[in-house]
Amino acid sequence: MARYNAKESERKWQAAWIAAQSFLTPTDSAKPKCYVLEMFPYPSGRIHMGHVRNYTMGDVIARFKRAQGFNVLHPMGWDAFGLPAENAARDNVSSGKNSGINPREWTYANIAAMRSELQALGLAIDWTREFATCDPEYYKHQQRLFLDFYKDELVYRSEADVNWDPVDLTVLANEQVIDGKGWRSGAAVERRKLSQWFFRITKYSDELLRALDGLEKWPEKVRLMQKNWIGRSEGLRFAFELSNLTKLDVFTTRPDTLFGASFVALSPDHPLTEELAKSDEKLRDFIAECRKVGTAEAEIETAEKLGYDTGLTAAHPFDPAWKLPVMVANFVLMGYGTGAIFGCPAHDQRDWDFARKYRLPILPVVMPADAEGFDVQQAPYVGPGKLANSRFLDGLDVEAAKAEIAARLEARGVGKRTVNYRLRDWLASRQRAWGCPIPMIHCAKCGVVPVKQVDLPVRLPDDLNFNVRGNPLDAHPTFKHTTCPSCGGPATRDTDTLDTFVDSSWYFARFADPTASEPVNREAVNYWLPVDQYIGGIEHAILHLLYARFFTRAMHETGWTTLDEPFAALFTQGMVCHETYQGASGNWIEPAEIEKRDGKAYLRGTGTEVTVGHSEKMSKSKKNTIAPMGMIDVFGADAIRWFMLSDSPPERDVDWSEAGAEGCWKFVQRIWRLVSEAEGLPAPGTKIGEATGAALELRQATHRAIAAVTDDLAHLRFNRAVAQIYALANAITAASGVDGAARREALEAIVLMVGPMMPHLAETSWEALGHTTMLVDTPWPAAIAALTKSDTVTLAVQVNGKRRGEIVLAPGAGEAATRAAALADEDVKRVLDGKTPKKIIVVPNRIVNIVV
RNA sequence: GCGGGCGUGGUGGAACUGGUAGACGCGCUGGACUCAAAAUCCAGUACCGCAAGGUGUGUCGGUUCGAUUCCGACCGCCCGCACCA
């Protein structure tokens, strides 16, 4: 029999699946639904190994669920707006080549290329639902949602301090600033005051937090990250009276320490600070100093506390004669709480550092139960204890003291218990041309006026000139100028576009019916959503997943859906890594140029040794990428898919290796040999008679494998399913002489189970086994319970916890019989050497432990 | 600094709620087939030991008849947040 021809098989079955639309397009709504979705890709031009891993996993689930009788939706689209397209257009302009190219053409060309690459993987995707977020047919509906949100005050415009990325020349959301740098450009973010559009995500702070508990099929890690990001803390907000006769609001989570206060501190960005700075040059210098440290040098100057005494004092709320100095301190953030605090150095590390430096008193007010070594002059104490030096609080524990202070201040009307969140509203304006235009118009007379719904979409012009500084949309000759929908007078459009995370915040709902004349088809959304299994990278744990959760709630509130959570189950897969290679000058070298001889790495065809570095996520900058298409060409799509599922648990990183891919390719051939060289098989559908001996063993191996693989796939344990399939292949090899019916059963089972993972090989094998209908139309095999059980069970016999012998019994043998068999075992007897057991523990079907 | 996770053979990793540690793959060793090689097939492969036996899941301790699994301390690695009052 000929070798398995992967290329021919792939061509044949990919065409056949698409021709049989019933396979890819869900139709039968009488079956239970299952919506399988992988995070859609940015159309960069070609797929990478990370895509291969992500989409292979999704495909396995989709095919598995379909075989199990679910009505499966498994769509694909394109997260198509974004900066790379603009950069490509700009490069083309500056180099003078292809001056006709624009982001739209660049993007759609990339989509076409990547679509054919994904199809080469044999993914069972319903391509009839495909769309790109840059299609006006998509972003028109997004603009509609924006207007609806605006109507319901879930969108608002505000002047605010914003994060300005000086390289990408745009603003960024808080979530997109990482270590003070832009998430994309890596440039140190600057602060600017600009009037921008915000999504009121903080309206749902509490809901987004509480609902995390219900997301039981999400990784604990992601839930925790979101929880920390939302950052709920309970505390007290109250006012100090200042010596200039104004009031100052502060927020604290430790009102119990109020009698240990030794200063009040303002953020350098606090309005009062700014007010005072008008007549205080030194303060102005100090603020400038703080801003410098606060942004660019944030990491270097970590611990240094800086303060400035304003000369004002604040009266202690429970003792007007007690005056606290009012300082400006660099460690107080305007963005959290009220931007002002009181400092209690004895019980807070930062306050302690600050008090040390500026020689402020450190007064202990919380005493630990064990006072040994307790000295707040040496270090702050943040643990539990009883209050002291605190007048009416003395003797109370921390929680009781918090309640008492809060109650007294609330009664006087100067304080209020509040819940504070770290989460800020989502700044969604971007000064970019290749994005969804914000459907708003600025009129000198009427102010900000929404575009009328009938005028949607606000369409991006095709003739953008990228040879300008700043936003090309702003510089466009006609886009900007329009008339006011309200008064009809001349007006200008908002030339900002929406953050591309908006595009990906509701695409999963659009897939339910991508041709709907409204943003979503309510009936289709109610049927398909939530997504039953969502799969993507951990890097989206906060940004994308939090925004999508917000959008789902906002769409609910504006009447578009009836659901709160978009993704019932989430799986975050690991990355694909590869060794890195560096030449003598530290230059990165591609794997293709490397040759390995006797454990060392050399430049191919030379004697030049190169340094082998750690395995890292495949990236262009380290040049350690492997192009999936080249590997598919060599090993076939199935072998590459198999590799992505083997060995490493799916949530962990996997190391790409050519040897591993080769091993997978060998297994493809092995399955093919088992199937194509099988002789003496009865016709498909032949009933199996009573099996005994080797045939029974094969049948048991088959049904145990079915049970195990089914369970593993249901729990996304692809690596374990793979191991079970190897074991079954070994059993089939070992049983080459047994009864044909049992072998047919085993071969059909292994082919069906390989189906979701290596679909082309499976179809070809299925056909070779004599079937005339496609494997994808065949139900998942069912394990026969009687055959998954064994008629004997081997128990270990321990003496004092050490394994000394083995006994073989019928399953379900009673405690007495098990005990007797254990004591009768020759090995055990020898070890016991006549001694009388003190105690015998019998765990039926598992183990016996004899204690002497 | 705070929060979370992970440490198992030469290697990737198995081991369900505490119950025979190392499934399965890679690699390696030996054999068969071959003029030879590749491919394939068969056998072996935690460590020490000829063997009987002993030792083993980062380290130390605890709970238990029994611990990779539970608890405590420490060491190492990874991830997230970071002056959050």
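Here is the naming used below: chain letters follow the sequence lines, and residue numbers restart at 1 for every chain.
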Residue-phosphate contact under 4.0 Å: R350(A) side-chain N/O, C84(B) OP1/OP2: yes
Paired nucleotide for C6(B) [Watson-Crick or G-U wobble; both distances under 3.5 Å]: G76(B)
R803(A) CZ - A67(B) C1' separation (whole Å): 17 Å
Atom pair distance, as rounded to whole Å: CG in L258(A) and C1' in A85(B): 13 Å
Shortest side-chain distance from R804(A), nucleotide among C24(B), G54(B), C41(B): G54(B)
Ring centre gap for F238(A) and F251(A) strictly below 6.0 Å: no
Sole residue of I725(A), T56(A), L761(A) in side chain to side chain contact (heavy atoms under 4.5 Å, CB included) with W642(A): I725(A)
Between F643(A) and W656(A), ring centroids under 6.0 Å: yes
Nearest-angstrom distance, C1' atom, G22(B) to A73(B): 28 Å
Whole-angstrom distance between U57(B) and U68(B), as gauged at atom P: 7 Å
Base-pairing mate for G22(B) - Watson-Crick or G-U, with both contacts under 3.5 Å: none
d(NZ, K802(A); C1', G56(B)) in whole Å: 11 Å
Touch class at under 4.0 angstrom, heavy-atom based, for L333(A) against every strand present: base
Separation of atom CG in N800(A) from atom C1' in U64(B), rounded to whole Å: 14 Å
Touch class at under 4.0 angstrom, heavy-atom based, for T794(A) against every strand present: base
Residue-phosphate contact under 4.0 Å: K839(A) side-chain N/O, C65(B) OP1/OP2: yes
Sugar-phosphate only, base, or nothing, as touched by N849(A) at under 4.0 Å among non-hydrogen atoms: base
Over 12 foreign heavy atoms within 6.0 Å of NZ, K357(A): yes
Six-ring centre of W229(A), R422(A) cation under 6.0 angstrom, axis tolerance 45°: yes
Test: R232(A) and D206(A) ion pair at under 4.0 Å: yes
First encountered from the 5' end of RNA chain B, between E662(A) and V851(A): E662(A)
Distance-only donor-acceptor test, K838(A) side-chain atoms vs C65(B) base atoms, 3.5 Å: no
Under-4.0 Å side-chain N/O to phosphate OP1/OP2 contact, Y336(A) with A85(B): yes
Side-chain N,O (R846(A)) to OP1/OP2 (C65(B)) below 4.0 Å: no
Rounded P spacing from G5(B) to U69(B) in Å: 16 Å
Nearest listed nucleotide, side chain of K666(A), among C41(B), C24(B), U40(B): U40(B)
Identity of whatever pairs with A67(B) - Watson-Crick or G-U, under 3.5 angstrom: none
Euclidean distance, atom CD of residue Q349(A) to atom P of A82(B) [Å, nearest integer]: 19 Å
Ring centres under 6.0 angstrom apart (F240(A), H316(A)): no
Rounded distance in Å - CG (N228(A)) to P (G80(B)): 13 Å
Aromatic ring proximity, centroids under 6.0 angstrom, F263(A) and F342(A): no
Any side-chain donor near an acceptor of the partner, D425(A) and T202(A), under 3.5 Å: yes
Interatomic distance, I841(A) CD1 vs C65(B) C1' [rounded to whole Å]: 3 Å
Sugar-phosphate only, base, or nothing, as touched by R830(A) at under 4.0 Å among non-hydrogen atoms: sugar-phosphate
Identity of whatever pairs with U57(B) - Watson-Crick or G-U, under 3.5 angstrom: none
SB check D711(A) R717(A) (cutoff 4.0 Å): yes
C24(B) to C42(B) separation - P atoms, rounded to the nearest Å: 13 Å
Residue-phosphate contact under 4.0 Å: R422(A) side-chain N/O, A82(B) OP1/OP2: yes
Span that lies between the C1' atom of C77(B) and that of G62(B), in whole angstrom: 26 Å
Lys/Arg N to Asp/Glu carboxylate O, K622(A) vs E616(A), below 4.0 Å: yes
Touch class at under 4.0 angstrom, heavy-atom based, for V332(A) against every strand present: base
C1' atoms of A82(B) and C16(B), separation to the nearest Å: 39 Å
Distances for protein N or O near nucleotides 10-14 of chain B N or O, under 3.5 Å:
unit_1	atom_1	unit_2	atom_2	d
G12(B)	O2'	S648(A)	OG	3.3
G12(B)	N2	D647(A)	OD1	3.0
A14(B)	OP1	N719(A)	ND2	3.3

Nucleotide A43(B), atom C1' - distance to CG of N730(A) in whole Å: 14 Å
Closest-nucleotide 5' rank along RNA chain B - winner of Y726(A) and R673(A): Y726(A)
Who pairs with A38(B) - Watson-Crick or G-U, where each distance is under 3.5 Å: none
For U45(B), the Watson-Crick or wobble counterpart (both distances under 3.5 Å): G27(B)
Gap in Å between the two P atoms, one belonging to U8(B) and one to A14(B), rounded: 11 Å
Rounded P spacing from U59(B) to C75(B) in Å: 15 Å
Chi-angle category of G30(B) [syn within 90° of 0, anti beyond]: anti
